[in-house]
Amino acid sequence: GVVGAGDNHFRELCVIAGPGNPATHVFAPEYNERGILQGLMGGRTAIKVRTELTPLLPVPFLTLEADLQKDGVYEAIGGDEVVAPAGTAGKLRVTVTNAVTNIGGTISIYKSPGKSAGPFQTFTITALEQSFEADISAEDANTWYYAELRGVGEPDAVSTEALTNPLLLLEPGLATDERRAITSPVFIGTALAVPQPEQPLPADIGSDDGATLVMGARGQYGGFPDV
């Protein structure tokens with residue numbers, strides 16, 4: 001699942017892109033530390049971002065749901081893994097709320113392998129709260145879908161002149177389509193996927209590596225929890 005953390009950029013970019021304040025929403029079974037951690041472990045997360053351009057305005061929030069039982073009930077959310085026979089027809093539903101600053105913005109649904117293949121489907125926001133549906137079909141291979149929301153503007157269409165004169169950002173063609181919200185993927189397959197690390201851990205060297213114990217008990221996890 002996706003998670004957001006403190007986000008800052010070069011001072012020269014602060015006018016348009018920072019300091020960012022991404023907030024991670026967790027769908028948790030209980031409103032306590034254990035429930036939040038369980039939600040994080042399950043990948044049931046979504047992120048919304050507040051920037052310096054809109055410090056006091058409502059921030060758009062995005063959710064993604066899936067129905068592969070053809071009963072009109074969306075039983076899966078971002079982070080869930082759904083098992084369905086190949087060819088099973090289904091629907092995705094993406095919902096945006098608090099889109100005060102994003103009327104005219106774009107919601108894109110991406111499908112594996114990702115952005116390199118282009119968006120699976122796109123929608124234009126025309127209301128403060130809005131839902132969109134997309135038809136999907138379970139495939140032989142494991143697949144996933146996620147959604148993101150971007151503001152009005154052109155990608156990377158910011159000049160260095162605009163960085164020193166914020167008023168230029170109001171001119172057509174100079175606004176950026178910065179990401180404002182994103183969901184975790186919904187995973188779909190004919191069977192549960194077997195996780196494979198992108199970079200497998202190296203084998204134990206079989207001898208003392210010279211590491212020094214600095215905290216906690218040997219053989220036990222030691223860290224700095226921050227929830």
Side-chain angles (χ1 to χ4, degrees), residues 1-9 13-28 31 36 39-40 42-67 74 76-80 91-111 114-115 118-136 144-158 162 166-167 169-187:
V2 293
V3 292
D7 189 20
N8 209 335
H9 301 268
L13 297 177
C14 283
V15 173
I16 60 166
N21 297 282
T24 302
H25 287 247
V26 182
F27 187 81
Y31 187 60
I36 292 171
L40 286 170
R44 292 181 152 194
T45 59
I47 297 177
K48 68 180 182 183
V49 179
R50 184 189 306 274
T51 69
E52 292 301 294
L53 292 180
T54 57
L56 301 178
L57 295 176
V59 179
F61 181 58
L62 203 61
T63 59
L64 179 67
E65 303 164 282
D67 170 26
Y74 288 82
I77 64 174
D80 285 340
K91 284 185 178 292
L92 296 175
R93 179 171 65 188
V94 59
T95 301
V96 60
T97 56
N98 287 332
V100 175
T101 59
N102 284 88
I103 301 297
T106 300
I107 294 175
S108 297
I109 297 177
Y110 289 96
K111 174 187 175 183
K115 286 192 173 183
F120 172 74
Q121 201 156 339
T122 60
F123 309 95
T124 300
I125 301 172
T126 59
L128 302 184
E129 296 189 8
Q130 205 166 8
S131 292
F132 305 92
E133 292 184 344
D135 293 320
I136 60 173
W144 48 258
Y145 300 84
Y146 78 90
E148 74 170 28
L149 183 158
R150 286 186 175 270
V152 179
E154 297 295 329
D156 304 322
V158 177
L167 293 178
L169 293 172
L170 301 178
E171 294 185 7
L174 281 179
T176 58
D177 64 343
E178 64 180 1
R179 180 185 292 130
R180 305 302 308 280
I182 190 170
T183 73
S184 289
V186 171
F187 302 87

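Small disclaimer: the values here were computed from a predicted structure and weren't measured.
Here the closest non-hydrogen pair linking W144 and P185 is CB-CB, 4.0 Å. The heavy-atom pair separating S108 from T106 by the smallest distance is OG-CG2, 3.7 Å. Taking every heavy atom of both residues into account, V186 and A66 meet most closely at CG1-CB, 3.9 Å. V49 and V59 get closest at one heavy-atom pair: O-CG1, 3.3 Å. Minimum heavy-atom separation, R180 to G151: CG-N, 4.1 Å.
By the side chain to side chain donor-acceptor pair (under 3.5 Å) test, T124 pairs with no residue at all, sequence neighbours left out. Legend: residues meeting salt bridge (Lys or Arg N to Asp or Glu O under 4.0 Å) with E148, ordered by chain and number and at least two apart, are K115, R150, R179. Taking T95 as the reference, S131 meet the side chain to side chain donor-acceptor pair (under 3.5 Å) condition, with sequence neighbours excluded. Contacts of Q130 classified as side chain to side chain donor-acceptor pair (under 3.5 Å), with partners at least two apart in sequence or in another chain: T126. Annotation: side chain to side chain contact (heavy atoms under 4.5 Å, CB included) contacts of F61 (sequence neighbours excluded): H25, A46, K48, T63, T97. In this structure, the side chain to side chain donor-acceptor pair (under 3.5 Å) partners of Y74, at least two apart in sequence or on a different chain, are E133. In this structure, the side chain to side chain contact (heavy atoms under 4.5 Å, CB included) partners of S184, at least two apart in sequence or on a different chain, are V2, T45. Listed by chain and number, the residues in a salt bridge (Lys or Arg N to Asp or Glu O under 4.0 Å) with D67 amount to none (sequence neighbours excluded). For F123, the ring-ring contact (aromatic ring centres under 6.0 Å, His included) criterion is met by F132, not counting sequence neighbours.
One distance of note links CD1 of I107 with CG of L62; it measures 5.0 Å at 0.5 Å rounding. Here NZ of K91 is found 9.5 Å from CD1 of I136. Values are rounded to the nearest 0.5 Å.
The backbone N or O of L64 lies less than 3.5 Å from no partner atom in the side chain of T183, so there is not a single donor-acceptor pair. When atom types are taken as modelled, the side chain of N102 and the backbone of A99 share no donor-acceptor pair closer than 3.5 angstrom. Side-chain N or O atoms of T24 include one that pairs as donor or acceptor with a backbone N or O of G4 at under 3.5 Å.
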Legend entry - Residues Y146, I109; criterion side-chain contact (heavy atoms from CB on, under 4.5 Å); working and verdict: CA-CA 6 Å; Y146 78 90; I109 297 177; over 6 Å; no

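Side-chain contact between V96 and L128 is absent, with no heavy atoms from C-beta onward closer than 4.5 Å.
Taking a 6.0 Å sphere around CZ of F27, one finds it holds 12 or fewer heavy atoms contributed by other residues, nucleotides or ligands.
Here salt bridge (Lys or Arg N to Asp or Glu O under 4.0 Å) pairs that include residues 93-108, with residues two or more places apart or in two chains, are E65-R93.
Checked against the 6.0 Å centroid threshold, F120 and Y110 do not count as a close aromatic pair.
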